[in-house]
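Here is the structure we will look at, set down as structure tokens.
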Amino acid sequence: MSDSFKSFDTLNVSVKTLSSIDLISETSYDKWTDLTICDGAVCKRIKTPSDYHGFLIKFETGAKTLRHKNFNEYEILDVRVGRIKNLVTNETYVEGDVITFDKGEEHELYCQEEAYIYCVMSKNKRDLG
């Protein structure tokens with residue numbers, strides 16, 4: 001067999017690091033902004049206490065984020081409307097589901113049905129509820 005065919009086991013997947021500081025620099029409170037880690041998603045900042053940073057993300061059906069992780073903060077996603085799937089764990093989340101990602105936990109989200117999601121990030125897990 002040709003050496004040009006490689007096993008999928010050796011496929012390297014690029015993982016982007018993303019923190020609330022990154023999202024703050026590309027979003028605002030008063031208008032929707034395209035997310036750089038996801039075609040088909042827009043984001044607004046939401047006012048939160050100073051211990052954490054909040055965002056409202058709108059995903060179009062079929063939108064998919066890059067595989068990413070946050071080394072500095074815990075992240076909680078609250079699915080307000082729609083359906084998303086974490087392609088890393090193969091879990092699907094629907095309206096009312098709340099997902100918590102630990103520091104450094106990889107995730108890649110695929111929007112199965114238009115979704116609105118609250119995203120909150122904090123350095124302290126206890127701040128997330």
Review point. Should I24 and R45 be marked as a side chain to side chain contact (heavy atoms under 4.5 Å, CB included) after you check the CA-CA gap, both sets of side-chain angles, and the distance that decides it?
Key: CA-CA 7 Å; I24 287 169; R45 289 180 62 195; 3.5 Å; yes
Taking the side chain as C-beta and beyond, is there a heavy-atom pair between [X] and [Y] under 4.5 Å?
X	Y	result
N124	D51	no
F55	L35	no
C43	T33	no
H107	I99	no

Does one hydrophobic cluster hold both [X] and [Y], with members joined at side-chain heavy-atom distances below 4.5 Å?
X	Y	result
L77	V79	yes
Y116	F59	no
Y52	I46	no

First locate atom [atom1] of [X], then atom [atom2] of [Y], and finally report the distance between them rounded to the nearest 0.5 Å.
X	Y	atom1	atom2	value
I37	I57	CD1	CD1	7.0 Å
D78	L56	CG	CG	10.5 Å
E91	D97	CD	CG	9.5 Å
L18	F71	CG	CZ	11.5 Å
T17	L66	OG1	CG	11.0 Å

Is [X] reaching over with its side chain to a backbone N or O of [Y], donor-acceptor style, under 3.5 angstrom?
X	Y	result
T27	K44	no
T65	L109	yes
H68	E106	no
E75	N70	no

**Study point:** Residue pair L23, H53: steps toward the side chain to side chain contact (heavy atoms under 4.5 Å, CB included) verdict
**Key:** CA-CA 9 Å; L23 286 178; H53 302 285; over 6 Å; no
Practice item. Give a yes or no on whether E105 atom CD has more than 12 heavy-atom contacts from other residues, nucleotides or ligands under 6.0 Å away. Key: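 More than 12 heavy atoms, drawn from other residues, nucleotides or ligands, come within 6.0 Å of this atom.
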Exercise for review: Kindly check if the number of other-residue, nucleotide or ligand heavy atoms within 6.0 Å of CG (D102) is above 12?
Suggested key: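 Enclosed.
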Exercise for review: Could you list the residues that satisfy side-chain contact (heavy atoms from CB on, under 4.5 Å) with V42, not counting sequence neighbours?
Suggested key: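 Partners of V42 by the side-chain contact (heavy atoms from CB on, under 4.5 Å) criterion, ordered by chain and then number, come out as W32, D34, K58.
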Check your understanding: Does E95 have any side-chain contact (heavy atoms from CB on, under 4.5 Å) partners at least two apart in sequence or in another chain, and if so, which?
Key ->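 Checked E95 against side-chain contact (heavy atoms from CB on, under 4.5 Å); zero matches.
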**Study point:** Passing option when E108 is tested against K69, R67, K85 for salt bridge (charged side-chain N to carboxylate O under 4.0 Å, His left out)
**Key:**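 So the option named by the test is R67.
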Point to revise | Check against side chain to side chain contact (heavy atoms under 4.5 Å, CB included), V88 and F101 | key: CA-CA 12 Å; V88 173; F101 296 107; over 6 Å; no
**Study point:** Minimal non-hydrogen separation, A63 against C38, with atom names
**Key:**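 Shortest heavy-atom contact: CB-SG, 3.9 Å.
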Point to revise | Shortest non-hydrogen contact between I84 and A115, atoms and distance | key: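 Heavy atoms only, the tightest pair is CG2-CB, 4.0 Å.
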Check your understanding: When you look at K64 and L87, which way does the side chain to side chain contact (heavy atoms under 4.5 Å, CB included) test go after all the steps?
Key -> CA-CA 9 Å; K64 185 174 97 167; L87 298 177; 3.6 Å; yes
Exercise for review: Establish, from distance only, whether the side-chain atoms of N72 and K123 form a donor-acceptor pair under 3.5 Å.
Suggested key: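 No, K123 and N72 have no side-chain donor paired with an acceptor closer than 3.5 Å.
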